[in-house]
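Chain letters run A, B, ... following the sequence lines, proteins first and then strands; every chain starts at 1.
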There are 2 protein chains.
Amino acid sequence: MEEDFLVEMDYAGLTARLKRLSDAFVYSTKEFYKSVDLDIEPNWHMIFLILQKNEQMTVMEIAEALQLSHPAIVKLINKMKKRGYIKSEKDPEDFRKYQLSLSEKALEKLPEIETYWEAGNEAVAQIMNHNREILKQLEILEQNIAEADFKQRTEQILKTNKP
Amino acid sequence: MEEDFLVEMDYAGLTARLKRLSDAFVYSTKEFYKSVDLDIEPNWHMIFLILQKNEQMTVMEIAEALQLSHPAIVKLINKMKKRGYIKSEKDPEDFRKYQLSLSEKALEKLPEIETYWEAGNEAVAQIMNHNREILKQLEILEQNIAEADFKQRTEQILKTNKP
DNA sequence: ACTATTTAAGTAACCCGTTACGCAAATGTG
DNA sequence: CACATTTGCGTAACGGGTTACTTAAATAGT
C-alpha cells in the first residue's frame, strides 16, 4: 500500500485530513459542474437549499443557520448575485438589512440542478458505504467543540499537567 | 437546541461540515499558539513531523507523502523558510531539487513545541471522546474516493439512470 | 551526439473561510 | 430628547488549497 503521512500522524493529522477530504469533494464537484456546463460553485448548494426552505433571509440569518461567519456569506452572496442567482431588496423596516431570495433565473434552473444534486447525493452515499456513521461522528466532534474548543481544552490540559 | 442547517442538509452538508470542522481546529490552534507566544502556523505541524522522521526531503516528496499538491507545499515551505525554520540546500545530483530539512532554530525550539503538541493531542482525544471511530470513518472515505472520486461516481450514476 | 519527453519547482489566478475594523442604522438609557 | 451601545454588513488582510502554465534540468530514444 501507499503511505499516507497524515494517517500516520494519527490524532495530529485529523485537522488536515478533514480539510483534504473536504477539498477532494469541492474540487471534484467543481469539475463535475464544469463537465455538465453548470455555471455554479459547489458551496452555493447550501445557499440554494436554505433559500428554498426559507424564501427570504438576511446575511446574518444565513450566517447563523450555517454557522459560518458573516463575511463568508457576504462573499458567497456577492458572487451569486453577480451571476444572477440572488435577488436582494432593502428591508423596509430596517434599512441596514437586505432581504435575500432566489432569483427567477435560479428558480428556473433549479429543476435541472436538482437532478445533478440527487446523483451527487447518491455518489456521497457510495463513498460513505451507505453508512451514516461518519455523520454521527462529525456531530460528536461538533458538539464537543461547541462545549469547549481546542484552545480551551489544550490550555486546561496544560494547566492540569504543570503544577 | 439550535438548528444547524448543514446537519439538516444531511449527505449534501458533508463537505461543508468537514471544512467547517477543520477550520474550527485551525483557527483555535492559531489562537492557542498566539496565547503561548509560539511563532508558528497550525499546519506547519505536519511539515515539522515529516522532516523529523525523514531528515531531508524535496518539495515533491513531501507533497506525495502528505497527498497535497506541490504548490501547497511550496507555499508552506516558503513561509517556514522566511521564519527560519527550514534549511534548504541544492541537491548536488539533481540541480532542480532542493533538499529541505529542519534548521537549527527549528530543532532548538522543537522540545518546547512538542509539549504543546502533546497537550493538543490530548485535547483532540477529548473532542473525539477518546474513540478512534472518526479516524476509521475518514479512512473509509479516503479509500473510496481513491478508487473513484465524486465526479466519476456522479457521472456513472447519471449514466445508469438516464437510459 | 542531439532532439524529444518527462520531471521538479515556482508563479499566477481562483475559491474558501477567518479575524479585525469601520460605518451607518436601530435600539437603549438617563 | 440626546448620547451611548448594539447590530447588520461590507472590506481588508491573512492563511489554506487547487489547477494551469512556465522554465530549467534530467532522462529517453534514435
Side-chain angles (χ1 to χ4, degrees), chain A residues 6 15-31 33-34 39-47 57-64 66-83 88 90-100 149-151, chain B residues 6 15-31 33-34 39-47 57-64 66-83 88 90-100 149-151:
Chain A
L6 291 186
T15 304
R17 286 169 76 188
L18 292 169
K19 169 77 158 99
R20 187 176 65 181
L21 206 42
S22 173
D23 279 339
F25 278 109
V26 169
Y27 289 102
S28 199
T29 304
K30 215 163 182 157
E31 291 204 2
Y33 285 161
K34 197 192 295 179
D39 180 38
I40 62 177
E41 292 294 330
N43 61 343
W44 295 4
H45 193 163
M46 55 192 185
I47 304 291
M57 294 183 87
T58 65
V59 167
M60 292 307 291
E61 284 167 357
I62 296 175
E64 277 160 39
L66 301 180
Q67 293 181 213
L68 294 175
S69 69
H70 81 270
I73 308 303
V74 169
K75 286 186 201 174
L76 280 177
I77 293 294
N78 281 342
K79 282 175 196 161
M80 291 180 75
K81 267 188 199 164
K82 220 167 272 174
R83 302 287 184 78
S88 100
K90 224 184 189 96
D91 184 325
E93 320 214 307
D94 186 336
F95 292 131
R96 294 170 306 180
K97 300 179 183 174
Y98 283 86
Q99 292 297 337
L100 307 170
D149 69 20
F150 176 85
K151 184 190 176 215
Chain B
L6 291 186
T15 304
R17 285 169 77 188
L18 292 169
K19 169 79 159 95
R20 188 177 64 180
L21 206 41
S22 174
D23 279 339
F25 278 110
V26 169
Y27 288 102
S28 198
T29 304
K30 213 162 184 156
E31 291 205 2
Y33 285 163
K34 196 192 295 180
D39 181 37
I40 62 177
E41 292 293 332
N43 62 340
W44 294 3
H45 193 164
M46 56 191 185
I47 304 293
M57 294 182 87
T58 64
V59 166
M60 291 307 291
E61 285 168 356
I62 296 176
E64 277 160 39
L66 301 179
Q67 293 180 213
L68 294 174
S69 69
H70 80 270
I73 309 302
V74 170
K75 286 186 200 174
L76 280 177
I77 294 294
N78 281 341
K79 282 174 196 164
M80 292 179 75
K81 268 188 197 162
K82 219 167 273 174
R83 301 288 185 77
S88 101
K90 224 184 191 98
D91 184 326
E93 319 214 307
D94 185 337
F95 292 130
R96 295 171 304 180
K97 300 179 183 174
Y98 284 86
Q99 292 296 337
L100 307 171
D149 70 19
F150 176 85
K151 185 189 175 215

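Rounding to whole angstrom units, NZ of residue Lys19(A) and P of dC16(C) are separated by 11 Å. Between Leu21(B) atom CG and dG17(C) atom P there is a gap of 15 Å when expressed in whole angstrom units. Leu18(B) has its CG atom 15 Å from the C1' atom of dG17(C), to the nearest Å.
Residues Leu6(B) and Met46(A) have side chains in contact (heavy-atom distance under 4.5 Å, counting atoms from C-beta outward). You'll find the side chain of Leu66(A) reaches within 4.5 Å of the side chain of Ile73(A), heavy atoms only. For the pair Glu41(A) and Lys79(A), the minimum side-chain heavy-atom distance is 4.5 Å or more. You'll find the side chain of Ile62(A) reaches within 4.5 Å of the side chain of Leu100(A), heavy atoms only.
Along DNA chain D, read 5' to 3', the first and last nucleotides having any atom under 4.0 Å from a heavy atom of chain B are dG15(D) to dA26(D).
Here Thr58(A) contributes atom OG1 and Glu64(A) contributes atom CD; the two are 7.5 Å apart, rounded to the nearest 0.5 Å.
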Problem set entry | Nucleotide-resolved protein contact map, nucleotides 5-15 of chain C, B/S/- at heavy-atom distance under 4.0 Å | --BSBBB-B-B
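Note on Ile73(A): nothing from the nucleic acid sits closer than 4.0 angstrom, heavy atoms only. Counting any heavy atom pair closer than 4.0 Å across all strands shown, Met46(B) reaches sugar-phosphate atoms only and no base atom.
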For this session: Determine, stepwise, if the pair Val26(A) / Asn43(A) fulfils side chain to side chain contact (heavy atoms under 4.5 Å, CB included).
Result: CA-CA 8 Å; Val26(A) 169; Asn43(A) 61 343; over 6 Å; no
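Across every non-hydrogen atom of Trp44(A) and Asp39(A), the tightest pair is CZ3-O, 3.8 Å. Here the shortest heavy-atom pairing between Ser28(A) and Lys151(B) reads OG-N, 2.9 Å.
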